[in-house]
J.: 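Right, I'll just put the structure down here and ask away after.
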Amino acid sequence: VLVIACPGARGLATPTSIMAGSGRAAEAGILFKQADTLELTQSLTTIVFDKTGTLTEGKPALTDFVVAEDYDQSVIAAVVSSIEAKSEHPLAQAIVEGLTALSAKSIVINDFKSLSGHGVMASVELNSQLSQIKLGTKKLMSENGIDMGGWQHQQQQLEQQGKTAMLIAVDQQVIGLIAVADTVRETAETAVIALKKRGLQVVMLTGDNQLTAEAIARELGIDNVIAEVLPEHKADKIRELRQQGQVVAMVGDGINDAPALAEADIGIALGSGTDVAIETADIALMRTDLNAVATAIQLSHLTVRNIRQNLFWAFAYNSLGIPIAAAGLLAPWLAGAAMAFSSVSVVLNALRLQRVKHIQ
């Protein structure tokens, strides 16, 4: 009875499955930082994707630059380029690069200010007088009482095409607009389809305006969009989803995503992201293939199922063997052999996870 009651197989049931599952995940470019993360991932109900740099390549390009007839386009291009050169926003570099050929000269910038989630502003000498330039959202313009004229309609048209359009204001008058667009990651659409097939709710979280966000979401097949969210409020949106009873994973890549990654039940960072995001996340994807998100969830399901199988067979050996041993019908050497076989069978079952080939 003592020999057949040996709990060795039960002790091996969970760790062997976790080791095999996490090893197979590592081969697929997925790093689970904790064992409990591997187990919790299969319980997810909602996947929240950041847009810029996650669903998109994060390499926007200038698409439109329009200036009122009363202004010299090359001069305004130089002004905008000089202002954006001082900004650290991902879109700023695209604007600077796109306007290089149009810029007449470098402009001296004074009193530069970056308004998080709204735009930038600065003072420049224009037409022999000091003017205040604002470049950003229509919210920035309305808050400062700036006349947008008919430019707001043009901005809306560009946003409906999935572009990020910003208004250019000189003093209290909008005199032009500029638009950039980011390309969607090649694997984004297939990843969304795979996640929705698993019955998961897919959400896009972005600081972009509603029209631009919805245009990208339609392209990817995402039904739920949370737009116009300032970087510091992303974690609040994740908290709201959790308070609704959702088990939430946040997928991001930037410094601004770190609080949301920490707030989510499971934080997932792209390997191409910032060190802060990768350090904060529970799962790191070594590649930028978004299909790895669905792969991580599948491996979690398979690993937890494997653990349950191991525990069942470990208890089954004991439950069947102890009464036989108590009746005196089981020799000690047979009991020892049975226990050895039960431990081996648990390990072999766990190793089946290493043979998972088609992960999707």
Side-chain angles (χ1 to χ4, degrees), residues 46-63 83-84 86-95 113-121 134-144 152 155-156 158-168 177-185 188 202-220 222-241 248 250-264 267-270 272-274 276-277 280 290:
T46 301
I47 310 293
V48 180
F49 285 96
D50 170 57
K51 184 184 80 70
T52 305
T54 303
L55 288 174
T56 64
E57 293 287 352
K59 298 176 182 177
L62 182 69
T63 58
I83 292 174
E84 289 292 5
K86 292 182 175 293
S87 174
E88 296 179 356
H89 195 280
L91 299 181
Q93 185 178 357
I95 293 174
K113 291 182 182 178
S114 178
L115 309 170
S116 180
H118 293 85
V120 293
M121 59 186 294
K134 293 184 179 70
L135 176 64
T137 65
K138 56 187 175 186
K139 185 175 182 180
L140 173 64
M141 304 302 162
S142 60
E143 287 179 351
N144 287 273
Q152 190 173 357
Q155 182 188 34
Q156 188 175 10
L158 292 171
E159 289 170 350
Q160 289 173 342
Q161 298 171 24
K163 299 176 181 178
T164 300
M166 291 154 282
L167 298 167
I168 306 168
L177 59 77
I178 190 166
V180 296
D182 199 355
T183 54
V184 172
R185 285 194 187 277
V202 181
V203 179
M204 185 171 75
L205 180 64
T206 178
D208 284 356
N209 65 79
Q210 194 71 32
L211 288 175
T212 301
E214 288 177 353
I216 299 295
R218 281 195 300 271
E219 183 179 348
L220 297 176
I222 297 176
D223 303 318
N224 303 289
V225 179
I226 304 175
E228 300 180 18
V229 181
L230 295 176
E232 59 268 26
H233 294 159
K234 286 185 177 182
D236 296 334
K237 296 299 180 182
I238 298 296
R239 191 178 301 112
E240 288 175 12
L241 289 171
V248 183
M250 171 69 188
V251 186
D253 73 313
I255 294 175
N256 291 337
D257 300 325
L261 291 170
E263 181 63 35
I268 304 175
L270 269 64
S272 60
T274 62
V276 173
T280 305
L290 292 179

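Atom set for the values below is all heavy atoms of this structure, side chains included, hydrogens, waters and symmetry mates excluded.
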J.: Which pair of non-hydrogen atoms, one from A215 and one from Q161, has the smallest distance, and what is that distance?
T.: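 That closest heavy-atom pairing would be CB-C, 4.3 Å.
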
J.: Among Q155, E159, Q156, which residue satisfies the side-chain hydrogen bond (donor to acceptor under 3.5 Å, both in side chains) criterion with N209?
T.: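 Only match with N209 under side-chain hydrogen bond (donor to acceptor under 3.5 Å, both in side chains): E159.
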
J.: Looking at A258 and T280, what are the two nearest heavy atoms and their distance?
T.: O-CG2, 3.4 Å

J.: Can you check side chain to side chain contact (heavy atoms under 4.5 Å, CB included) on H118 and E143, steps first, answer last?
T.: CA-CA 10 Å; H118 293 85; E143 287 179 351; 4.3 Å; yes

J.: Does the pair K237 and V203 meet the rule for a side chain to side chain contact (heavy atoms under 4.5 Å, CB included), with working shown?
T.: CA-CA 11 Å; K237 296 299 180 182; V203 179; over 6 Å; no

J.: Could you grab the distance from atom CD1 of I83 to atom CE of M121, nearest 0.5 Å is fine?
T.: 9.5 Å

J.: What are the two closest heavy atoms between L91 and P60, and how far apart are they?
T.: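 The answer is CD2-CG, 3.5 Å.
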
J.: Can you give me the closest heavy-atom contact between S114 and V120, atom names plus distance?
T.: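 It is CA-CG1, 4.1 Å.
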
J.: What's the spacing between L140 CG and L135 CG if we round to 0.5 Å?
T.: 8.5 Å

J.: With K51 as reference, evaluate T206, T56, T212, D208 under the side-chain hydrogen bond (donor to acceptor under 3.5 Å, both in side chains) test and give the passing residue.
T.: D208

J.: Distance from L177 atom CG to L158 atom CG, nearest 0.5 Å?
T.: 6.0 Å

J.: Using the test side-chain contact (heavy atoms from CB on, under 4.5 Å), find all partners of A260 that sit at least two apart in sequence or belong to another chain.
T.: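 For A260, the residues satisfying side-chain contact (heavy atoms from CB on, under 4.5 Å) (neighbours in sequence not counted) are K234, I238, M250.
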
J.: Can you name the nearest heavy-atom pair linking A269 to A277, along with the distance?
T.: CB-O, 3.6 Å

J.: How far apart are the closest heavy atoms of A94 and L62, and which atoms are they?
T.: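 That closest heavy-atom pairing would be O-CB, 4.1 Å.
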
J.: Is the CD1 atom of I255 crowded by more than 12 outside heavy atoms at less than 6.0 Å?
T.: no

J.: Just to verify, what does T183 make a side-chain contact (heavy atoms from CB on, under 4.5 Å) with, not counting sequence neighbours?
T.: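 Listed in chain order: E57.
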
J.: Can you tell me if Q93 has over 12 outside heavy atoms packed within less than 6.0 Å of its CD?
T.: no

J.: What do the steps show when you test L220 against L55 for side chain to side chain contact (heavy atoms under 4.5 Å, CB included), and what is the final call?
T.: CA-CA 9 Å; L220 297 176; L55 288 174; 4.0 Å; yes

J.: Would you give the length of the straight line joining atom CG of D253 to atom CG of L261, rounded to the nearest 0.5 angstrom?
T.: 9.0 Å

J.: Distance check, rounded to the nearest 0.5 Å: I226 atom CD1 versus Q210 atom CD?
T.: 10.0 Å

J.: Which residue, V202, D257, L205, L270, forms the side-chain contact (heavy atoms from CB on, under 4.5 Å) with V251?
T.: L270

J.: Looking at CG of L230 and CG of N256, how far apart are the two atoms once the value is rounded to the nearest 0.5 Å?
T.: 10.0 Å

J.: Under a 4.5 Å cut-off applied to non-hydrogen side-chain atoms, are M166 and V180 in contact?
T.: yes

J.: Given 3.5 Å as the limit, does a donor-acceptor pair link the side chain of T46 with the main chain of V248, or not?
T.: no

